[in-house]
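Bear in mind the structure is a predicted one, so any value in this text is a computation, not a measurement.
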Amino acid sequence: MAAFTAKDVADLRARTGVGMMDCKKALAEAEGDMEKAMTLLREKGLATQASKAGRVAAEGLVCAIVENGVGAVVEVNSETDFVAQNQEFKNFVTSAAKTVIASNPADLDALLASKAVGGTGTVEEDLQELFLKIRENMKVRRFERLEGILVPYVHGDGKIGVIVKLDSDIAADNEKLLDCGKNIALQVAAMNALYLDRAAVPPAVIEEEKKIMMAQMEEDPKMKGKPEQVRAKIVDGKIGKYYTENCLVEQSYVKDGELSVSKYVESVAKELGGSIQVIGFVRYEKGEGIEKKQDNFAAEVAGMVNN
């Protein structure tokens with residue numbers, strides 16, 4: 001069996017980020033061969049990663065960046081919020097977003113197979129290397145890529161990421177235009193509009209809302225006796241409120257409740273002597289839609305005491 005020193009163990013740890021004991025075991029198995037030990041660590045790490053793949057990863061980070069008129073919003077999940085604060089994890093998320101911009105991947109598989117911008121291998125290989133250091137289930141969950149006049153915003157240290165897309169005849173680098181985009185991005189983050197405007201709302205959604213409202217009136221003693229046409233008119237009024245709550249351009253502007261978002265944008269356009277339209281947005285919130293495990297801490301402690 002080839003000898004290896006404490007310095008060899010420290011060097012292997014520095015090169016891989018893996019714990020000292022795992023490095024020592026790998027060097028022993030590799031008979032002191034540094035390259036073979038690195039290969040062993042990767043192989044064992046991938047096996048462990050596969051075994052943890054089913055564990056819920058609902059924490060992590062959302063990144064939203066724009067470079068030269070191209071933007072990307074990316075969500076990468078981890079099992080714990082602690083990992084999301086790790087600088088190497090943060091660097092990986094940024095690298096993934098930059099790779100989306102550079103490679104324009106068609107889907108997640110294509111992104112994972114792309115050479116990572118600022119990384120050492122593909123996005124998937126860099127994620128595997130990160131797993132060797134962190135040992136948590138981590139997943140690149142989703143991404144979106146946009147082109148045009150784009151303004152990004154990240155809220156809560158990666159909890160929410162937004163990119164707003166504008167159409168304007170004003171110079172794309174105009175400071176007041178970009179400030180307008182930033183304010184709209186703040187609106188999107190805060191108010192979570194489901195749609196851009198009325199035209200974007202699927203007709204089936206409106207029909208379902210109307211059915212719910214009619215059913216509610218049937219249960220209301222004050223409303224159920226009213227004629228059908230009267231109730232239909234009331235529903236139409238309520239649908240108008242649905243639009244103002246769920247369509248971005250119709251929402252009340254959070255910084256000035258006297259204005260709608262569209263009126264705010266019009267005021268900026270008038271001030272700049274041009275036209276501005278909000279034509280799209282992307283909003284990702286970390287972990288949205290992922291069913292998280294609900295731990296009953298009190299029951300867990302009670303179980304430990306009883307045992």
Side-chain angles (χ1 to χ4, degrees), residues 9-26 37-67 72-103 108 111-144 152-163 189 284-293 295:
V9 177
D11 287 346
L12 182 58
R13 185 175 190 276
R15 292 176 68 177
T16 63
V18 177
M20 293 290 260
M21 288 305 298
D22 285 334
C23 288
K24 186 177 179 180
K25 289 176 183 177
M38 289 180 67
T39 299
L40 286 169
L41 285 172
R42 288 192 179 94
E43 290 173 351
K44 290 179 179 179
L46 292 178
T48 307
Q49 184 181 25
S51 72
K52 293 186 177 183
R55 292 178 12 181
V56 175
E59 298 296 335
L61 293 174
V62 177
C63 178
I65 60 173
V66 173
E67 295 181 345
V73 185
V74 175
E75 180 182 1
V76 182
N77 297 125
S78 60
E79 291 180 46
T80 65
D81 186 56
F82 178 76
V83 167
Q85 306 310 312
N86 180 291
Q87 190 57 51
E88 288 187 81
F89 182 82
K90 291 180 179 181
N91 293 343
F92 172 79
V93 178
T94 301
S95 170
K98 288 176 179 270
T99 304
V100 169
I101 289 174
S103 300
L108 272 177
L111 172 58
L112 292 171
S114 299
K115 176 70 175 68
V117 173
T120 58
T122 65
V123 172
E124 185 167 28
E125 288 167 347
D126 280 5
L127 185 60
Q128 291 167 351
E129 289 293 323
L130 189 60
F131 174 81
L132 285 173
K133 302 175 182 180
I134 294 177
R135 298 300 178 115
E136 271 197 18
N137 184 24
M138 294 175 287
K139 294 180 179 179
V140 182
R141 183 187 181 198
R142 52 181 173 163
F143 71 89
E144 192 149 347
Y153 171 68
V154 176
H155 176 75
D157 196 25
K159 180 182 178 183
I160 298 172
V162 174
I163 289 183
Y284 282 1
E285 185 167 347
K286 174 191 69 178
E288 61 186 346
I290 299 176
E291 186 174 347
K292 300 180 183 181
K293 180 182 177 183
D295 293 319

Quick one: does M38's side chain get under 4.5 Å of L12's, heavy atoms only? yes

Test side chain to side chain contact (heavy atoms under 4.5 Å, CB included) applied to N86 and F92, step by step: CA-CA 10 Å; N86 180 291; F92 172 79; over 6 Å; no

Gap separating the CG atom of D126 from the OG atom of S114, nearest 0.5 angstrom: 11.5 Å

Between C63 and A97, the two heavy atoms sitting closest are SG-CB, 3.8 Å

Taking the side chain as C-beta and beyond, is there a heavy-atom pair between M138 and F89 under 4.5 Å? yes

Taking A64's backbone N and O only, do any of them form a donor-acceptor pair with Y153's side chain (distance below 3.5 Å, no angle check)? no

Using the side-chain contact (heavy atoms from CB on, under 4.5 Å) criterion, which residues pair with N91? Sequence neighbours excluded. Q87

Check E288 with R142, please: is the shortest side-chain N to carboxylate O separation under 4.0 Å? yes

Carefully, step by step, assess Q85 and K90 under the rule side chain to side chain contact (heavy atoms under 4.5 Å, CB included). CA-CA 7 Å; Q85 306 310 312; K90 291 180 179 181; 4.2 Å; yes

Using 0.5 Å steps for rounding, measure from the OG1 atom of T120 to the CD atom of E129. 6.0 Å

S78 side, atom OG; L61 side, atom CG - distance, nearest 0.5 Å: 7.0 Å

E59 bridged to K286 by N-O distance under 4.0 Å: yes

So, do V154 and V62 sit near enough that their side-chain heavy atoms are less than 4.5 Å apart? no

Who are the side-chain contact (heavy atoms from CB on, under 4.5 Å) partners of E124, not counting sequence neighbours? L112, T122, Q128

Going by side-chain contact (heavy atoms from CB on, under 4.5 Å), name the residues that satisfy it together with V66, two or more places apart in sequence or in a different chain. L150, P152, I163

E79 (side chain) donor-acceptor with N137 (main chain) under 3.5 angstrom: yes

